[in-house]
Amino acid sequence: MIYNNIFYGLIIFFLIGAMLSIVFNKKDRLATYCSFLSAVGASVFGIIFSLSVIFGETFSLSLSGSSFLKFGFFVDRLSAFFILVISVAVFAVSIYSIGYMREYYGKKNIGYLGFLYNIFILSMILVVSANNAIMFLIVWQLMSVISFFLVIFEHEKPETRKAGIVPLHIWLPYAHPAAPSNVSALMSGVMIKTAIYMFIRVFFDFLGAGVLWWGFLVFALGAISALTGIMYAVVEPDIKRMLAFSSIENIGIILLGIGASMIFLASGSPALSAIAAIAALYHLLNHSIFKGLLFIGAGSILFSTHTKNIEELGGLIKKMPVMALLFLIGVLSISALPPFSGFVSEWLLLQSLLLSFNSTDTLDRIATDFTGAGAFDRSFSFGFLGNAGMPSTAISLSTPVILSLILLFISIPSVIWYIKNINTRGKHQVYETWGCGQPVLTARNEYTACAFSKPAQMWFKNIFRPERELRASYTVSPLIKESFKFELHIEQIFERYIYLPVTDIIVSRSRTIKYIQTGSIHAYLAYIFGTMVILMLYIILGGSS
Amino acid sequence: MIEYLLLAPVLISILCFFTKTRKQVESVSLAGSVVTLLLGLLLVVEVYKYEIIVTWQNALFADSFSAFIVLIVSIVGFVASLYSIGYMGHEYDHGVIEVKKLRLYYSLFHIFMFTMLLVGVTNNLGLWIAIEMTTLVSALLMILYSRKSSVEAAWKYMIICTVGITFALFGTILTYYAAVDILGETGDALNWTSLIAVADQFDPTIMKLAFIFILIGYGTKAGLAPMHTWLPDAYSESPTPVGALLSGTLVNCAMYGIIRFYSIASKSTGADFTGNLMIIFGLLSLGIAVPFIIIQEDYKRLLAYSSVEHMGIIALGIGFGGVFGIFGAILHMFNHAMTKSLMFFGAGNILLKHDTKEIFNVTGVVKTMPVTGAMFVVGTLALTGSPPFSIFISEFTILAAGFSQGHIVATVLFLLFIIMIFAGFFNNVSKMAFGMPKPGIEKGEVSRWTLFAMGILMVFVIVLGVYIPEPFYVMIMRVVEIVR
Amino acid sequence: MISQIAISISQIIIILALAPLLSGIIKKIKAFFQIRKGPSIFQPYYDIAKLLRKDSVISENVSWIFHAAPVISFAAVLTAGLIVPVFISQLPFSFAGDLIAVVYLFALARFFTALASLDAGSSFGGMGGSREMFVAAMVEPALMLSIFAVALNVGSTNLSLISQTVSAMGLSAVSPYHLLAFVALFIIAIAETGRIPVDNPSTHLELTMIHEAMILEYSGKQLAIVEISAMVKQLLVFSLLANIFFPWGIATKISAVGIAVALLVFLIKIVILGALMAMVETSTAKWRLFRLPDLLSISLMLSFLSIVSFIIVNGG
Amino acid sequence: MEEIVFNSGIMQLLIALILASTFLILGSTRLYSCVKAFGIQSFLLACVAWVVGFSTGKIDLYIVAFLTLIIKAAVIPYIFIYIIREIKVKREIELYVGISPSLIIGGVLVVISYYLIRSIAVITELSSFALSASMSLVSIGLFIMISRKKAIMQMLGILIMENGLFLGAISLTHGMPLLVELGIFFDVLIAVLIMGILIFRINKTFETIDTDKLKTLIG
């Protein structure tokens, strides 16, 4: 059984990485290479293992335990898909981390970070392959505790302190960015997905998705989180927090897909729910990849400019052209623009949502429409949901893929032709940017991120409740202003209107209840007397039954 | 066999009383507690083999449930005596107490052990006498430091518990009366063995009245709400090893009394009457613990209210009934005893180092006392029921029982309270554990003994979270059979 | 196979040819309403030809995006052209993309133009880009919903399939939700092509220009390409309007006569729509930017209404 | 045979007197009179035990009666008087509830416990009278502890409750088995001793034995 030793290899590699980074934690360079190279190796194992399970059969292995507590691993196709997602993201992020760690040489204890990093990934993989509820919860807790420590890894930074304090807030967007960039890439790229995994396991396997209103609930939840996520992402100045908010938005989209799939399953059209589920899972894979890419980009921006505030960034494309190109591709993909993967998954999702309005009899016409009778009928099937009790429809994703091919087919040659002939024939002078007659245009005239998102901010102003503060400092005479200080604060409606009031109520209620413990012994005796009388009445009145 | 177990602590306490120097007292006490532990384990092994042992014209007896209690008492007692060597030694070095007080402490400590062991092994309803004696001895232990607050706490403890126990006596009398109707006035009308055999023929109305008085009486000792008012004062004012014993073992002995009568009463009054009462008191204790934990300023009182919470959980477990419910409750008694005493020892170390009980002026414990700090944080995670630790397993079983027995509302409330308590408790402890330490607190642990004691308990907390040894599982299943 | 390639090439040629003509016609009609002679309808051709020959002036702090943006957006719009039925409904690449693809292709074009506008570092470009994105955020959902209404009736979002079935249904297709969707799409067309109430195409006054502000920095050949892609996009939007809602006369089979007739009918429809658009432009003034949400939410509600009415009518 | 013994005049008289003595304690404002009343009550209890012992012929009841007489009627009152003299406590008892309202409440408690035992209606007429007397003794004892401020009065309250239970035990089951009975006596004696020590300690640290001052531990 080659599966076993691949699975063992996967786990052992992570453990080696963790141990080695502890052993060498004094020597930064060695610790970095050990821990992250072993993570890369382990992720390769992960990819091989997951593919072998997806296209092979499920793998289960139970460890010995007392008759009461039995632990073991159970990797069916769904878990294997998640392991694939995790390993792909880890593969990329680990290679990146080797470079990124240079920033921490000498400053931070790299061995400790390497150890946490490896155990964190191992716990995520175990979460996805646990075979019973107790094991699942144990490893889930391990994952969140380690992510808690990873978040407060750089605890001298002010916002890290705020992020780490309230343990329940680990997943909130201002916790992820506080972690080192390579870790936050994993966190919002992959860790949130384990929550989706739990969602699917509970709703599809455990409860059998029989109830219709659960689907609508998940659907609504997805819509709300998508909307609020992107709304806050648009106006967020901190680049990593913006990415974290956009993770929430994408999680919302994935939940939309899952909700739609549950609705279809409940209303009795398994083929449709398969399409919706595929859309959700495919988007999940895309998102973990391009979110990882974007976070790595943000990390390298942070690495070179040491600032996360987008307002101060500008003109990076000239200094880091390759990184800018990669970041652009990531952005294109996340905003689902055609040639990239984001578009494919969102297209599929929109199709499934559209079909939900439609009665099932047109299904066959759609099926033919999908497969497409054209010459390019190369079906690239993602039939990996066989296990989840849904028919594995070999939905060919040819339509969007072909579209991207055509687009590339047209745009690449034209770009090359264009750049080639512009340099040769026409002359072009280089002159300063048109400033409508202004003599000198400085960088400060440019539109910063906050200005760019100003219209959106105005549109949602009763949700954001933006508080703007304009402080002018004057020179000698009140007429001549020396400088303006502009301060903008956006309301976090969830925190402000739901979370804080609830905690205030609880604390104030408990302050009032505190007076039960008055300190006078007579009151305490009266309590006992009262309970006795109440119980007596309970017996006399009700107790005769 | 049982007589030696009871005799040993009495002898040791007499010996301790007549020793002279601190070194002698500590060595005698240590030797004594080792002997008690061995005897306790021997008894458990014997009960594991022979199911039931009865001696002394069946005034003393030991079935698997009492063996379970003896096991808890002897383990926590042994670890507490280890800890008190370190703790009291530290107090002695700093001149807080002199030799006479130290000798008094150790002798009372072992008598306290004796009384708790007696609770476990008395066959007849003389259980009441044993629990009454525990109250008296622990009250004396509390006034070791003649501070104002500890005297006040001792007085309140004494009065409220004695009132509670008087009610329990009334319940015992009523049960005896119901038993006499059936068994006649023979001597053994009070013994568990004969009572359980014939429990279903008792008159239900008398048994209801009896169960109520027992529940109020022993509930006061166990710290179930609204009779829990003495608990925070007693735990925070008594010396830490005594606090650990109080919270670790004494509440379990009281719960032992309640569960014994529960099994007798529920046979005649029907399980839902007694079960509902247990659930009501369980939820009440959980509910009252939540606000006090969230806004607590004194970390010892924080642990006290967590005891109220866990006793509520055990009562809930029993109330839910079914194999799962009772199994979870019994396992929870063991897990809670281990984790709570671990936390008390941690709190004791912090108190010795920072000399203040305010959560507000204690920070950076992980930095000043790395080992204690780490164990304290792990203990907190365990106590609030987070997965890899033992308490999670028992709470999970009780939850499963709650759902399967159909008490949905109670279980959902139970879950809600636990989450709130987790948030409040972890928030308070993280204020103490993390952050920059206060100036003027030099780094370094209190003493090796304390760490050794905490280490033993840590083993139990972690191991039982992942793997439950076979004999332990069999023993608990036997206890479940007895209770059902 | 060959006929399909021929069709797609001819489609591209026709689109490229007609696009400047359409904007010329609209300018002519607008001038007519404003009782002035106005430039000839072929003026756009001359402008483009002139621009292609002129040298270009490029700002110094500009990166490769500035050069790539016009080409990419032109390519995107052209690819959309392959999918939108113009004169024949049996398009070879129809399976490769559908309504959602068209919307996203337009989004890709808009994305790159906005990116280029920021690249030059002038505040005009930034302002244009930010407003364009703001308008786009409101336009896209409405555009998609309005065509969804029709797609629901047909059961698929494939544009050529839609135009084929609607043309087959003949006049019976004109039901209430059909008209509602048309009005919604018409408002979107105004926003998409940057016409008066939303944006003023013919001005360089920074307060009112959105689309113009983005391409302020371009000159010479690059400006020509940008202008052409804008015109092609306008033509495609108009053909969407025409061939989704009133596709009668579109050639369903490949036959010389059918294609010729289809071309003629298509031209007439385009001119009528252009006139309609010009009438709207002359009669209304440009709205303030932050009143645009009201206008576009009207179109959103209209398209939503049409979907709801479709479901009620058909008891979906 | 129990019924004859129980409804004989002496028993009813003795139980009524016990109830009267409790009301005496409720009504008195001086410590000494409370202690004396407690002494009388314990003596009466011993007589009840002796009468039941005599009529049922159980020897250990004689021992129990004798023990009650010595411990409860003599030793404990002596301890009380020793404490009062030693602490030189002011003789009056501060009360939360005035004398007359506490008497009324005492009466109400007796009626409730009588009605309560009747509603359970399980035992014969007279012993139910004895059981309701013991119930009322217990509740009045608790009430005394709640309403009196002096620590000594709280001690006295506990002892009254314990007397009530003893009366209940005898009336219900002619006393528990001897071993248990001895254990209970032993416990009560030690409890009183320890409470005495505590009261001395409170007096030393708080300079007063008024439990109203014991309110430092809050929340």
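FYI, side chains are in, hydrogens and waters are out, and symmetry mates aren't considered; it's all heavy atoms of this structure. Each chain gets a letter, A, B and so on, in the order its sequence line appears, and its residues count up from 1.
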Flag side-chain contact, heavy atom, 4.5 Å: [X] against [Y]:
| X | Y | result |
| --- | --- | --- |
| D:V138 | B:T166 | no |
| D:I194 | B:V137 | no |
| D:I202 | B:E152 | no |
| D:F186 | B:I129 | no |
| D:L142 | B:F167 | yes |
| D:M161 | B:F170 | no |

For the backbone of B:V151 and the side chain of D:R201, can you confirm whether one donor and one acceptor N or O come within less than 3.5 Å of each other? no

In terms of heavy-atom proximity below 4.5 Å to chain B, should D:M145 be classed as side chain, backbone, both, or neither? side chain

Using a cut-off of under 4.5 Å for heavy-atom pairs, which of [options] has the most such pairs with chain B?
| options | value |
| --- | --- |
| D:G164, D:G183, D:G157 | D:G183 |
| D:I197, D:I199, D:L165 | D:L165 |
| D:T205, D:L193, D:L198, D:D187 | D:D187 |

[X], [atom1] atom: more than 12 neighbouring heavy atoms under 6.0 Å:
| X | atom1 | result |
| --- | --- | --- |
| D:F200 | CZ | yes |
| D:Y62 | OH | yes |
| D:F43 | CZ | no |
| B:Y145 | OH | yes |

Nearest 0.5 Å, please: how far is [atom2] in [Y] from [atom1] in [X]?
| X | Y | atom1 | atom2 | answer |
| --- | --- | --- | --- | --- |
| B:I173 | D:L131 | CD1 | CG | 9.5 Å |
| D:M155 | B:I159 | CE | CD1 | 8.5 Å |
| D:Q154 | B:T162 | CD | OG1 | 10.5 Å |

Under 4.5 Å from any heavy atom of chain D - which part of B:E237: side chain

Part of B:L140 lying under 4.5 Å from any heavy atom of chain D: side chain

